[in-house]
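Read the structure below first, then the notes.
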Amino acid sequence: MASEHQSIETDGPFDDETELARAIEENDEELAELLRMLATTEELAESLAPELREAARENREPIRELRLAFEREETLVLLGKVGEEADTLVELLDVLVAAKDLSDDLVPELRVAIQENREVIERLRFALESEETLVLLERLGDNADTLAELLELLDAAHATAMDLVPELRHAAQDNRNVIRDLRMAAAGFADAHAENEVEMYELGRNAGNMIALVETLGDPKVTDALDATVDGLAQEDPKPVGFFGLIGALFDADVRRALGRLVNAARGLGSVSFEESD
């Protein structure tokens, strides 16, 4: 048993060496290339070591500051966020590259446009630098909310006007004669006002008095009295009334009531003064 165990132990290393030799033989070209790269790297390191040592010695303070900056918590958080937004950063870089190419293409055209419009740009710069423009811009900034609301209102009003334009056009066509008559009436009123020098306050008072008079005339009592008077005047062949007939009519209550109203009307008309006040 001991000999068997010994043979197994001696066979293990032998097999490992065989496998190693076979692996080296199968990858001899890659191994040779790797050895050459190691040799080249060693030579490069030996060549760069003095320079690196000198550069590290000369830049010891900036390197220490850089190391401290990278070790700060804010830098680590920033690097973490950059790593999380790597895709967005790549897209942003692509956009920047495209914008740079576009700007390179536009620069000659912009230069030519600026040269051709130098005087206009100069006048515009002077206008923008004036005190009135600065005050206007400051007020616009202070009233930005109101300006935004006004623009929204104008937008809504424009949309409403666009919707109403066809209806207004049809209404104007259907009422063309009425609009012409109203225009002529307005022109006549303006001419009369210019010729007679009517004071607008007095015109307003007269219009108010006319409205009050019309309202009074519209009272049912007044209209009933006028209807009765018109009916009496509209008789085709009234009976002639002499002196004794007039005396007899005074005994009629309706006649006496009518005479009382005529007296009251005469008394009120006499109390009105038509003389112009100073």
*Between Glu129 and Arg125, is there a salt bridge with N-O shorter than 4.0 Å?*
yes
*With the threshold set at 4.0 Å, does a side-chain nitrogen-carboxylate oxygen contact exist between Glu61 and Arg64?*
yes
*asked:* Return the NE2 to CG distance between His158 and Asp163, rounded to the nearest 0.5 Å.
replied: 10.0 Å
_Derivation and outcome, side-chain contact (heavy atoms from CB on, under 4.5 Å), residues Arg139 and Val135_ = CA-CA 6 Å; Arg139 290 182 178 178; Val135 173; 3.7 Å; yes
_For the CG atom of Asn117 and the CZ atom of Arg123, what is their distance to the nearest 0.5 Å?_
9.5 Å
*Counting only heavy atoms not in Asp145, do more than 12 fall under 6.0 Å of its CG?*
no
*Is atom CD of Gln115 surrounded by more than 12 heavy atoms (other residues, nucleotides or ligands) closer than 6.0 Å?*
yes
_Hydrophobic cluster identity match, Leu147 and Leu136, side-chain contacts under 4.5 Å_ = yes
*Test Lys81 against Glu84 for salt bridge (charged side-chain N to carboxylate O under 4.0 Å, His left out), laying out the working first.*
CA-CA 5 Å; Lys81 290 183 179 180; Glu84 294 174 357; over 6 Å; no
*What do you reckon, is CG of Asp87 surrounded by more than 12 foreign heavy atoms closer than 6.0 Å?*
no
*Atom pair CG/CD of Leu154 and Glu149 - distance to nearest 0.5 Å*: 12.0 Å
*Could you tell me the separation between the NE2 atom of His170 and the CG atom of Asn175, rounded to the nearest 0.5 Å?*
13.0 Å
*CG-CD distance between Asn59 and Glu65, expressed to the nearest 0.5 angstrom*: 11.0 Å
*Would you kindly confirm whether Val97 and Leu102 end up in one hydrophobic cluster when ILVMFWY residues are joined by side chain heavy atoms under 4.5 Å apart?*
no
*Glu30, CD: over 12 other non-hydrogen atoms inside 6.0 angstrom*: yes
*Show your reasoning for whether side-chain contact (heavy atoms from CB on, under 4.5 Å) applies to Lys100 and Asp104.*
CA-CA 6 Å; Lys100 182 180 181 302; Asp104 292 338; 3.2 Å; yes
*Got a salt bridge between Arg22 and Glu25, using NZ or NE/NH1/NH2 to carboxylate O under 4.0 Å?*
no
*What do you reckon, is CD of Gln173 surrounded by more than 12 foreign heavy atoms closer than 6.0 Å?*
yes
_Atom pair CD/CD of Glu138 and Glu131 - distance to nearest 0.5 Å_ = 10.5 Å
*Determine whether Ile114 and Leu124 fall in the same hydrophobic cluster, where Ile, Leu, Val, Met, Phe, Trp and Tyr are linked whenever their side-chain heavy atoms lie under 4.5 Å apart.*
no
